[in-house]
Amino acid sequence: MRGLIPQREFRMSESATEPTAPEGGEPAGQPPEPSTPAGDAPLGPAGEKALNEWKQRAKAAEKASREHAARLQEIDDRDKSELQKANDRLSKAEQRAAAMVERTARAEVRALAAGTFADPSDAAAFLNVADFVDDEGDIDSKGIEKALADLLKRKPHLGKEAAPPSFDGGARTTAAKPQSMNELIRQQAGAS
């Protein structure tokens, strides 16, 4: 049997065992290069039919999995006491409330940053909004304003660019209503 299997030499290194190429052959461990161009060959009608069948089976399996998960949840809920069910509902409500408070704090940061930041969402990204929410869920707007000012000092590139200077020469006055020739003559004659 020894003549049927090609013998390969192995070199020992400090980190791993690496196969070496047998004399006059491909490197060990690497498949021969394909002689066909890269890309998949067309499936043909039978292959397309099989592929569509597998896609349908996958969709059916996903649907069955969702149904089984829902049924398992029903069984778990049935075995729970009313107190456990109420605790589950309470914990879910607390999670939703915490998420709402965080969204509200982010919105407050963006609103306060809108006047001074080029992109107010940058301010929300750089600040930890949880630092500005107390235990009751109230938001510290003054603390946010101070933190935004400090952030602009540290990272002035986040601020809005200053408006370009105006070269209009100062305030304008509107021209007086033109007088008619009759009014000018009366004015010069002193009989206005």
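Because only heavy atoms are used, hydrogens play no part in the values below, and waters and symmetry mates are left out as well, while side chains stay in.
With a 6.0 Å radius and a threshold of 12 heavy atoms from other residues, nucleotides or ligands, H68 has its NE2 atom at or below the threshold. For E161, the CD atom counts as loosely surrounded, since its 6.0 Å shell holds 12 or fewer non-hydrogen atoms of other residues, nucleotides or ligands.
Atom CD of Q187 and atom CG of N182 lie 12.5 Å apart (nearest 0.5 Å). Atom CG of L112 and atom CG of L127 lie 10.5 Å apart (nearest 0.5 Å). Rounding to the nearest 0.5 angstrom, the gap separating the CG atom in L72 from the CD atom in E67 is 13.5 Å. Between K59 atom NZ and W54 atom CH2 the span is 15.5 Å, to the nearest 0.5 Å. A distance of 10.5 Å separates OG in S141 from CG in L148, rounded to the nearest 0.5 Å. Interatomic distance, NZ of K92 versus CZ of R96, reported as 8.0 Å (0.5 Å rounding).
Here D150 pairs with R154 in a salt bridge; the nearest charged N to carboxylate O distance falls below 4.0 Å. One finds no salt bridge joining K49 and E53 here, because no Lys/Arg side-chain nitrogen approaches an Asp/Glu carboxylate oxygen to under 4.0 Å. A salt bridge does not link E145 with K142: every distance from a Lys NZ or Arg NE/NH1/NH2 to an Asp or Glu carboxylate oxygen is 4.0 Å or more.
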Q) Taking it one step at a time, do S121 and D119 satisfy side-chain hydrogen bond (donor to acceptor under 3.5 Å, both in side chains)? A) CA-CA 5 Å; S121 62; D119 185 4; 2.9 Å; yes

Q.
Apply salt bridge (charged side-chain N to carboxylate O under 4.0 Å, His left out) to residues R186 and E183 and explain how you reach the verdict.
A. CA-CA 5 Å; R186 285 185 196 130; E183 289 177 8; 6.0 Å; no

Q | Stepwise side-chain contact (heavy atoms from CB on, under 4.5 Å) test for I75 and R71 | A | CA-CA 6 Å; I75 292 170; R71 179 70 179 137; 4.2 Å; yes

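Put simply, the side chain of D140 does not reach to within 4.5 Å of the side chain of D134, judged on heavy atoms. You'll find the side chain of D138 stays beyond 4.5 Å of the side chain of V133, heavy atoms only.
Contact record, L152 with L158: CD2-C, 4.2 Å, taken as the closest heavy-atom pair. Considering all non-hydrogen atoms of both residues, K153 and P156 come closest at O-CD, 3.8 Å. Looking at every heavy atom in both residues, A105 comes nearest to V129 through CB-CB, 3.9 Å. For the residue pair G143 and F132, the shortest heavy atom distance occurs at O-CE2, 3.5 Å.
Although no hydrogens or angles enter the test, the distance criterion places a donor-acceptor pair under 3.5 Å between the side chain of K160 and the main chain of A114. Looking at S65, its side chain never comes within 3.5 Å of a backbone N or O of A61 through a donor-acceptor pair.
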